[in-house]
Amino acid sequence: MQWVFVNTGGWMASVVLLALTLRKWMETKQYVFSKEDVAKLAKQYAGQDHEQAFSKVVVELRKRYPGHILPDEDLQWVFVNAGGWMGSMCLLHASLTEYLLLFGTAVDTGGHSGRYLAEISDTIISGTFRQWKEGTTKSEVYYPGDTIVHGVVEATSVQWSAGTWMVEYGRGFIPSTLGFALADTLFSTLDFVTMFYTVRVYVKALMLEAACFGSSPSC
């Protein structure tokens with residue numbers, strides 16, 4: 001029994017050390033995107049028709065971050081089932097430490113936010129988003145133009161009204177978000193077509209970033 005406790009304690013200590021190391025690395029590394037820049041850009045189009053707003057956001061992002069946004073032929077709206085809620089995302093950029101996507105839902109939905117080694121910022125274009133933070137007894141409602149920041153390893157209850165669409169930027173250890181994003185598919189919906197779409201677009205984004213990293217300094 002003592003051997004079991006020692007090994008369990010050693011495993012937990014290793015996990016904590018890894019998490020602290022990753023967090024320190026994430027705080028000091030350089031990122032492609034500025035979360036303030038992304039939020040400011042999205043806020044310019046808050047309140048507009050979300051499809052038109054998204055088109056303008058993508059065009060502007062390609063100007064500001066050439067080589068880092070997926071081409072039109074690789075942009076695809078993909079369902080996301082996670083934490084009991086269902087939404088849809090269109091991935092624009094992804095690496096091991098950052099991602100940028102369009103996200104939203106055409107129906108009322110809500111559930112658990114997930115807990116990751118990443119910070120996630122959402123700027124609302126249309127609709128409303130309600131968040132109930134851990135350790136509190138009241139929720140907060142956010143509207144078009146608002147930016148909500150989900151901190152590293154935080155967990156909240158989340159709820160979107162039908163027609164809520166937003167621009168989302170995440171930075172940190174992005175693979176830590178994939179388990180949550182795919183768990184409902186593995187253990188509930190068994191929608192492996194959606195899983196294929198999700199993995200495929202993430203791989204395409206990684207390949208684009210690798211190609212950009214190995215090309216011109218302006219990329």
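Position 1 is the first residue of the sequence, and the numbers go up from there.
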With sequence neighbours left out, the residues meeting ring-ring contact (aromatic ring centres under 6.0 Å, His included) with Phe129 are Trp160
Hydrophobic clustering (ILVMFWY, side-chain heavy atoms < 4.5 Å, transitive) - are Val203 and Ile174 grouped together?
no
Using a cut-off of 6.0 Å, state whether more than 12 heavy atoms not belonging to Lys204 lie near its atom NZ.
yes
CZ of Phe187: more than 12 outside heavy atoms within 6.0 angstrom?
no
Closest non-hydrogen atom pair between Tyr116 and Ser176, with its separation
CB-OG, 3.6 Å
For Thr97 and Val32, run side chain to side chain contact (heavy atoms under 4.5 Å, CB included): C-alpha distance rounded to whole Å, both residues' side-chain angles, the deciding distance at 0.1 Å, then the answer.
CA-CA 10 Å; Thr97 56; Val32 173; over 6 Å; no
Among Lys35, Glu98, Glu119, find the one that has a side-chain hydrogen bond (donor to acceptor under 3.5 Å, both in side chains) with Tyr169.
Glu98
Short N-O contact, Glu60 and Lys56, less than 4.0 angstrom
no
Salt bridge between Arg62 and Asp72, side-chain N to carboxylate O under 4.0 Å?
yes
Taking distance alone, no hydrogens or angles, what donor-acceptor pairs closer than 3.5 Å link side-chain atoms of residues 78-92 to residues at least two apart or in another chain?
| from | atom 1 | to | atom 2 | distance (Å) |
| --- | --- | --- | --- | --- |
| Trp85 | NE1 | Ala82 | O | 3.0 |
| Trp85 | NE1 | His112 | O | 3.0 |
| Ser88 | OG | Val78 | O | 3.3 |

What verdict does the ring pair (Phe, Tyr, Trp, His ring centres under 6.0 Å) test give for His93 and Phe33, after you've listed the backbone C-alpha separation in whole Å, the side-chain angles of each residue and the deciding distance to 0.1 Å?
CA-CA 10 Å; His93 166 92; Phe33 299 90; 4.7 Å; yes
Show the numbers, then the answer: is there a side chain to side chain contact (heavy atoms under 4.5 Å, CB included) between Ile120 and Val149?
CA-CA 6 Å; Ile120 298 172; Val149 178; over 6 Å; no
Check whether any side-chain heavy atom of Tyr142 lies under 4.5 Å from a side-chain heavy atom of Thr147, and answer yes or no.
no
Given a cutoff of under 4.5 Å between side-chain heavy atoms of I, L, V, M, F, W and Y, with clusters grown through shared members, what are the other residues clustered with Tyr143?
Val141
Kindly indicate, with the supporting measurements, whether the criterion side chain to side chain contact (heavy atoms under 4.5 Å, CB included) is fulfilled by Asp146 and Thr123.
CA-CA 6 Å; Asp146 290 340; Thr123 301; over 6 Å; no
Any chance the side chains of Tyr99 and Glu168 put a donor and an acceptor closer than 3.5 Å?
yes
Pair Asp191, Thr194: side-chain N/O donor-acceptor within cut-off below 3.5 Å:
yes
Decide yes or no on side chain to side chain contact (heavy atoms under 4.5 Å, CB included) for Arg64 and Leu41, but give the supporting numbers first.
CA-CA 11 Å; Arg64 299 187 187 189; Leu41 171 61; 3.9 Å; yes
